[in-house]
Asker: 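Here's a structure for you.
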Amino acid sequence: MTTLGETQRLQLRDEPALTARPPVPQAFYDRPALTVARETLGMVLVRQGPAGRQAGRIVEVEAYDGPGDAASHARSGACGRAQVMFGPAGYAYVYLIYGIHHCLNFVTGPVGYPAAILVRGLEPLVGITERTNGPGLICRALAVDRRLNGIPLTSAELWLEDWGQSVADSDVIARPRIGIHFAGEPWASQPWRLYERDNRWVSKR
DNA sequence: TGCCGGATCCTG
DNA sequence: AGGATCCGGCAA
């Protein structure tokens, strides 16, 4: 596995037209949440929306895994907003939080098993001018709201691409998830927040 | 039907 | 440290 240094990433930023790749297929998401989370680091999130084509490299994610995860929206069953998490892998789960901000997730795993990856940090590559170090900021910068809830990640509006900028194992940091103290143990301590070491686009704390 | 609190972010 | 501001879950 090779990783690109900062210099090569800067070169990629200068050649956006040359870097488009096919969308990551649905099968990528149809695996355990932690596996998908690890491999999602370094993948490029592409948004085709009101601002045209935007792209950024995912540098921070969190996994929410299974019906027993007390921090997951799926903890109360397949009702309300969490329904998408119980559906097939490879779909977007977008919800409104604190009445103000949106959060973007990728549904993972088999039908009936609720799991998802929350996108928390994005390194701008193409067409992104606002801050993207935090889940609400990412959605604002990419014009992602609940209209995108439930769309497939192979759609023409939002998808992942592999630009060959994966994160080396030695650069992956695993820590407890943010803002889920209410879940209690062991969930509050599960190291299911993954991010790239020393990347400025990782959310604060 | 009402209330409580949240996978956040900004301002003071 | 506290406010913004909507929605889901749970108690009554």
Side-chain angles (χ1 to χ4, degrees), chain A residues 29 32-41 43 45 47 51 54 56-87 89-109 113-124 128-151 153 158 160 172-196 199-205:
Chain A
Y29 306 92
L34 266 296
T35 302
V36 179
R38 167 67 184 89
E39 295 188 22
T40 297
L41 289 178
M43 288 286 183
L45 177 64
R47 169 79 169 121
Q54 299 170 289
R57 180 173 174 268
I58 294 174
V59 298
E60 178 186 1
V61 295
E62 282 178 359
Y64 291 82
D65 187 23
D69 183 353
S72 170
H73 291 166
R75 62 186 179 270
S76 299
C79 47
R81 59 185 174 183
Q83 279 186 352
V84 180
M85 292 182 69
F86 289 79
Y91 284 72
Y93 169 41
V94 183
Y95 64 88
L96 181 65
I97 189 169
Y98 295 105
I100 299 180
H101 304 288
H102 293 270
C103 291
L104 169 65
N105 299 255
F106 307 145
V107 176
T108 68
Y113 185 88
I117 308 301
L118 170 67
V119 185
R120 291 191 56 97
L122 193 70
E123 179 180 339
I128 298 175
T129 53
E130 299 178 50
R131 291 171 52 203
T132 48
N133 55 320
L137 295 172
I138 290 171
C139 287
R140 188 167 73 182
L142 299 185
V144 170
D145 59 32
R146 282 184 298 173
R147 287 174 297 193
L148 298 186
N149 186 44
I151 68 164
L153 295 169
L158 192 70
L160 283 186
V172 175
I173 311 283
R175 291 288 182 270
R177 296 169 291 180
I178 299 295
I180 53 107
H181 183 75
F182 65 89
E185 298 302 332
W187 310 107
S189 297
Q190 298 285 183
W192 291 352
R193 174 193 182 211
L194 307 181
Y195 60 90
E196 183 178 39
N199 191 297
R200 65 173 284 205
W201 301 103
V202 170
S203 65
K204 303 311 174 195
R205 276 188 208 228

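Naming: A, B, ... by sequence-line order, numbering from 1 per chain. In what follows, every heavy atom counts, from backbone to side chain, and hydrogens, waters and symmetry copies are set aside.
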Asker: Could you tell me the separation between the CD1 atom of A:Ile180 and the P atom of B:dT8, rounded to a whole number of Å?
Answerer: 10 Å
Asker: A:Tyr195 OH to B:dA7 C1': how many Å, rounded?
Answerer: 17 Å
Asker: Whole angstroms only, please: what is the NE2-C1' distance between A:His181 and B:dT8?
Answerer: 18 Å
Asker: Roughly how far apart are A:Arg193 CZ and A:Tyr195 OH, rounded to 0.5 Å?
Answerer: 5.5 Å
Asker: Round to the nearest Å and state the distance from A:Asp65 atom CG to B:dA7 atom P.
Answerer: 17 Å
Asker: Going by the rule side chain to side chain contact (heavy atoms under 4.5 Å, CB included), which residues pair with A:Thr35 if we only count those two or more places apart in sequence or in a different chain?
Answerer: A:Arg31, A:Pro32, A:Glu39
Asker: Rounded to the nearest angstrom, tell me the gap between atom CZ in A:Arg193 and atom P in B:dA7.
Answerer: 15 Å
Asker: Can you tell me the Watson-Crick or wobble partner of B:dC4, both distances under 3.5 angstrom?
Answerer: C:dG8
Asker: Of A:Arg131 and A:Phe182, whose closest DNA chain B nucleotide lies nearer the 5' terminus?
Answerer: A:Phe182
Asker: What is the minimum heavy-atom distance between A:Leu118 and A:Cys103, and which atoms define it?
Answerer: CD1-CB, 3.8 Å
Asker: At a cut-off of 3.5 Å, list every protein nitrogen or oxygen paired with a nitrogen or oxygen from nucleotides 6-12 of chain C, distance to 0.1 Å.
Answerer:
| residue | atom | partner | partner atom | Å |
| --- | --- | --- | --- | --- |
| C:dC7 | OP1 | A:Arg146 | NH2 | 3.0 |

Asker: Taking OH from A:Tyr95 and C1' from B:dG5, how many angstroms apart are they, rounded to a whole number?
Answerer: 14 Å
Asker: Would you kindly give the CG-to-C1' distance between A:Asn105 and B:dT8, to the nearest whole Å?
Answerer: 14 Å
Asker: Can you check whether A:Val59's main-chain N or O pairs, donor with acceptor, with A:Glu123's side chain at less than 3.5 Å?
Answerer: no
Asker: Would you mind checking if A:Arg177 and A:Asp69 are paired as a salt bridge, meaning a charged N to carboxylate O distance below 4.0 Å?
Answerer: yes
Asker: Mind checking the CG-CZ spacing from A:Leu160 to A:Phe106? Nearest 0.5 Å is all I need.
Answerer: 4.5 Å
Asker: Between atom CZ in A:Arg140 and atom P in C:dT5, what is the gap in whole Å?
Answerer: 14 Å
